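This one's a predicted model, so the numbers in the text were calculated from it and none came from an experiment. Scope of the values below: all heavy atoms of this structure, side chains included, with no hydrogens, waters or symmetry mates. Residue numbers begin at 1 in each chain, while the letters A, B, ... track the order of the sequences.
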There are 2 protein chains.
Amino acid sequence: MTEPESSPEKIDQTRERILDEAEKLFAEKGYHAVSVREITTEAACNLAAVNYHFGNKQNLYHEVFRSRWIPRARTLFGVFRESLASRKAPTQAEVVQALSEAFLRGPMTGEERQRHSQLMIRELSQPTEAFDIVVEEAVAPVMGTLTEQLKRSQPKRRVPQEEMTLNVLSIFAMTIYFNFSRPLVSRMTGCEYDDAFTARLVRHITRFSLHGMNPNRKER
Amino acid sequence: MTEPESSPEKIDQTRERILDEAEKLFAEKGYHAVSVREITTEAACNLAAVNYHFGNKQNLYHEVFRSRWIPRARTLFGVFRESLASRKAPTQAEVVQALSEAFLRGPMTGEERQRHSQLMIRELSQPTEAFDIVVEEAVAPVMGTLTEQLKRSQPKRRVPQEEMTLNVLSIFAMTIYFNFSRPLVSRMTGCEYDDAFTARLVRHITRFSLHGMNPNRKER
DNA sequence: GTCTATAGCAGGATAGAC
DNA sequence: GTCTATCCTGCTATAGAC
């Protein structure tokens, strides 16, 4: 990152730096609050580089989702699924925990995770052209798997479809809420988002969701 | 709204229109995505009026919170408290329902409510100078009352402080989530936010939260 | 593929007439 | 208090040298 190797694969190395910085800044401040100048300055390249590589600003934003956000979403989903696959018949608690763990403590660094969530949240609450990407790549698969797994692990009670959807949405809501609303959560709990605290958050989300969707459950 | 009365209190009537349109646009698009020109066009007044009345754009944004958002937050909180005061010893279910009802079906129109939530959410996830206002006027009082009331209605079980805080944060999270993430919720449930649907949402939030924080509760 | 230079325009803000 | 006219900064985007 400090000194680029001269020979091996220098191609489009600027392009990658631009994407990195763009993602970072778009996530932090939002599309309109970030200027191309700011991005290119951070990426230590020339202003014109953005237009050369991406055509225009809009396209760069789009490309951030395609080449940065989507892969992470898939990785995240992969972690979630693998975590489920490692058990024969995961309990509901295990399912919910697998999800919140993937999102709150998964393979990414804390910073990466926050960026990922912020980009997602922005699109979900205020759709632009990337909304469909987010739904197709993150929301739909996660909610689909969640629904399926939760039904499987609790075949006895027949849950009406809308109730199921609202349950799953609520679990999803809590998971992303505790990721994106950090300033508030930290202020209210007095805790920083370190390993210990995120572990407690996962436990909380699991417990809360589990009993939330199962009015009178014994097992945990 | 169409034809202003000529005599009685015409003073600062432009100012009010600017505030109205500014709130609407800031809520919809966010601070940076809105230009002063756009606001003044919508408010059907001159560009210079913003600077005359508010000095600059930043200040207008701030004033939107002071003169529009805060009163609504207080009204909302008032509805919540009155709803509680009308019962001698509200159950936990009644407490949660009072909250989500105030936020999702309260005294405001659907549009107003959405605006209110969006302004709040923006500040909570990405604090600017209005963050403190939001915390002091909305989050702190609501969470304080919620904590107090929930403790009172369930004196038997001693809940650790952090668990209590996380519970309350989760209830708050769901309440605002279902308000601000409408595009997604509508897409997933296939429902518009009409009276019938918001009523079902209130019931869902109440049920989910209630059991979420009470692992093995009978009464509802 | 990266740079400089600059076109062209939209933004916030101000001065001053009315 | 509201308007017109204008300043000037900072933005996106492009042309063209290297």
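Here Arg15(A) lies out of heavy-atom contact (under 4.0 Å) with every strand. Within 4.0 Å (heavy atoms only), Ala48(B) reaches at least one base atom of the nucleic acid.
Comparing atom distances between the Thr14(B) side chain and each of dT2(D), dA13(C), dA13(D) picks out dT2(D) as nearest. Nearest to the side-chain atoms of Tyr52(A) among the listed nucleotides dA13(C), dA13(D), dG1(C) stands dG1(C). Distance from the side chain of Lys57(B) is smallest for dG12(C) among the nucleotides dG12(C), dC11(D), dT2(D). For Cys45(A), whose side chain is taken as the heavy atoms from C-beta onward, the closest listed nucleotide among dT14(C), dA13(D), dC3(C) is dC3(C). Out of dT2(C), dG1(C), dA13(C), the shortest distance to the side chain of His53(A) is found at dT2(C).
Residue His32(B) places none of its side-chain N or O atoms closer than 4.0 Å to OP1 or OP2 of dG11(C). Within the 4.0 Å cut-off from OP1 or OP2 of dG10(D), not a single side-chain nitrogen or oxygen of Ser35(A) is found.
Rounded to a whole Å, the CG atom of Asn56(B) is 15 Å from the C1' atom of dT9(D). As rounded to whole Å, 11 Å separates atom P of dT2(C) from atom CZ of Phe54(A). Across the protein-nucleic acid pair, Arg17(B) atom CZ and dG1(D) atom C1' stand 12 Å apart, rounded to whole Å. If you measure from atom CD of Gln58(A) to atom C1' of dC11(D), you get 15 Å, rounded to the nearest angstrom. Rounded to whole Å, the distance from OH on Tyr31(A) to P on dC11(D) is 14 Å. Rounded to whole Å, the distance from CD1 on Ile18(B) to P on dG12(C) is 13 Å. Atom CG in Asn51(A) sits roughly 13 Å away from atom C1' in dC3(C) (whole-Å rounding). One atom, CG of Asn46(A), and another, P of dA15(D), lie 16 Å apart when rounded to the nearest Å.
Just one residue in the list Val96(B), Val202(B), Thr175(B), Val79(B) forms a side chain to side chain contact (heavy atoms under 4.5 Å, CB included) with Glu101(B), and that residue is Val202(B).
Glu129(A) and His62(A) are linked by a side-chain donor-acceptor pair at a separation below 3.5 angstrom, with hydrogens and angles left out of the test. Between the side chains of His204(B) and Ser170(A), at least one donor-acceptor pair of N or O atoms lies under 3.5 Å.
For the pair Lys24(B) and Glu28(B), the salt-bridge criterion is not met [side-chain N within less than 4.0 Å of a carboxylate O]. A salt bridge between Arg187(A) and Asp132(B) is present, with a side-chain N of the basic residue lying under 4.0 Å from a carboxylate O of the acidic one.
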